There are 2 protein chains.
Amino acid sequence: MKISKNRKKNDHPGSAKQERYIQPSILMGLYLNPSYGYEIIRHIQNFGFVKGDAPPGMIYRHLRQLEEDGLVRSEWKTEGTGPAKRMYCITEEGNEVLSAWIGYMENQAEKLQNFIAMYRRLTK
Amino acid sequence: MKISKNRKKNDHPGSAKQERYIQPSILMGLYLNPSYGYEIIRHIQNFGFVKGDAPPGMIYRHLRQLEEDGLVRSEWKTEGTGPAKRMYCITEEGNEVLSAWIGYMENQAEKLQNFIAMYRRLTK
DNA sequence: TAAATATATATCCTTTAAGAATATATGTCA
DNA sequence: TGACATATATTCTTAAAGGATATATATTTA
């Protein structure tokens, strides 16, 4: 696709800073298994919304917010190899929010499909 | 769902400012028919991503950006009833970007479904 | 006909979340 | 001991949405 000279922002759809679904991805990860920041950074790509390692700042920022909101709980773990890790697990409230996220995401997927279907009807 | 005292931001999934798909909705509207800001504000809800009227500032901001990017073209229309309207139509480049948006949205819908399926496998 | 309302565009400020860079500290291993 | 991997944390910038308000014209109605 030709990129016009004047088009600086939003050069291709989805390139903007939006809707990475970081929060539900972290919650899903912790729903599967307790974990910690550095591991989440590397594994969050398995949930499909992040390519490669996540920016560390993003993950730690989210984890702190999630804990402040009571959706996860953490404790330092000094045993084991390497520097101390802050181990996180999901709370009951976290489970509820994850479930709500699933509902939202189903709704969003449906809206996307309707939009796509509308477009297809016009073009065929 | 219980809302904790400390949870201020992001109280419910999707409440944040993100992924409203305003740009593709405007492009789709203009793909259907040439139109103008005030009409788009009222009709954009038909595409599913905005509830009720859109905030005017948002629409006019997008229209200006789209024109600067060469995805739409406009001209003043003084005939007809009411104050003058700035009529917009989609350009060839706009069509290409809309088509790219459709591809992105298909991809996003698929990711969402994979995520949901993963969750369902865990909970059943 | 004057006031109220609807139509129409435009500008500005704030909030939210992501992106990106960098700092700091500890443990491991050649 | 010096390089590298592990691990967390902080800070700055950018993108996009949300929301408020300003301005002007046309139409309706009291």
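In this text, all values refer to a predicted model and were calculated from it rather than measured experimentally. Here is how names work: the chains are called A, B, and so on, in the same order as the sequence lines, proteins then strands, and each is numbered from 1.
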Closest of dA10(C), dT8(D), dA17(D) to the P56(A) side chain is dT8(D)

Report all side-chain donor-acceptor pairs from residues 79-89 of chain A shorter than 3.5 Å, counting only partners two or more places apart or in another chain.
residue: K85(A); atom: NZ; partner: T81(A); partner atom: O; Å: 3.2
residue: R86(A); atom: NH1; partner: S74(A); partner atom: OG; Å: 2.8

Can you sort out the partners of N95(B) under side chain to side chain contact (heavy atoms under 4.5 Å, CB included), two or more places apart, ordered by chain and number? Y31(B), I90(B), E92(B)

Spacing between W76(B) atom CH2 and dT7(C) atom C1', to the nearest angstrom: 12 Å

State whether the distance check finds a donor on one side and an acceptor on the other, under 3.5 Å, for side chain R61(B) versus base dG18(D). yes

Side chain to side chain donor-acceptor pair (under 3.5 Å) with K111(B): which residues, sequence neighbours excluded? N107(B)

Let me check something: any side-chain donor-acceptor pairs from residues 116-124 of chain A under 3.5 Å, sequence neighbours excluded? List them with distances.
residue: R120(A); atom: NH2; partner: E106(B); partner atom: OE1; Å: 3.4
residue: R120(A); atom: NH2; partner: E106(B); partner atom: OE2; Å: 2.9
residue: T123(A); atom: OG1; partner: Y119(A); partner atom: O; Å: 3.1
residue: T123(A); atom: OG1; partner: R120(A); partner atom: O; Å: 3.3

Nearest-angstrom distance from the residue atom CD1 of I59(A) to C1' of dT10(D): 16 Å

Using atom CD1 of I26(A) as one end and atom C1' of dT8(D) as the other, report the distance to the nearest whole Å. 14 Å

Residues 40-58 of chain A, side-chain donor-acceptor partners within the protein, below 3.5 Å, at least two apart:
residue: R42(A); atom: NE; partner: Y38(A); partner atom: O; Å: 3.2
residue: Q45(A); atom: NE2; partner: R42(A); partner atom: O; Å: 2.8
residue: N46(A); atom: ND2; partner: H43(A); partner atom: O; Å: 3.2

Please give me the minimum heavy-atom distance between Q113(A) and A109(B), naming the atom from each residue. CG-CB, 4.5 Å

Is R64(A) near enough to dT8(D) that one of its side-chain N or O atoms lies under 4.0 angstrom from OP1 or OP2? no

Kindly assign one of parallel, tilted or perpendicular to the pair Y21(B) and Y104(B), based on the angle between their ring planes and the thresholds 30° and 60°. tilted

Nucleic acid contacts - residues 34-43 of chain A versus DNA chain C, non-hydrogen atoms under 4.0 Å: none

Hey, which of these two, K85(A) or M58(A), hits DNA chain D nearer its 5' end, going by closest nucleotide? K85(A)

With a 4.0 Å cutoff (strictly under), does any side-chain N or O of H62(B) reach OP1 or OP2 of dA16(D)? no

I need the CG-P distance between D53(A) and dA7(D), as an integer number of Å. 13 Å

Expressed as a whole number of angstroms, how long is the span from I22(B):CD1 to dA15(D):C1'? 14 Å

Grab the OH-P distance between Y60(A) and dA25(C) for me, whole Å please. 16 Å

Tell me which pairs pass salt bridge (Lys or Arg N to Asp or Glu O under 4.0 Å) where either residue lies in residues 24-37 of chain B, with sequence neighbours left out. none

Could you tell me whether R86(B) contacts a base, only the sugar-phosphate backbone, or nothing, with contacts defined as non-hydrogen atoms closer than 4.0 Å? sugar-phosphate

Whole angstroms only, please: what is the CE-C1' distance between M87(B) and dT7(C)? 15 Å

Just the atom pairs and distances: protein N or O near nucleotides 26-30 of chain D's N or O, under 3.5 Å.
residue: dA26(D); atom: O3'; partner: G82(B); partner atom: N; Å: 3.3
residue: dT27(D); atom: OP1; partner: T81(B); partner atom: OG1; Å: 3.4

Ignoring hydrogens, what is the shortest heavy-atom contact between P34(A) and E39(A)? Give both atom names and the distance. O-OE1, 4.5 Å

What's the CG-C1' distance between L63(B) and dT9(C), to the nearest Å? 10 Å

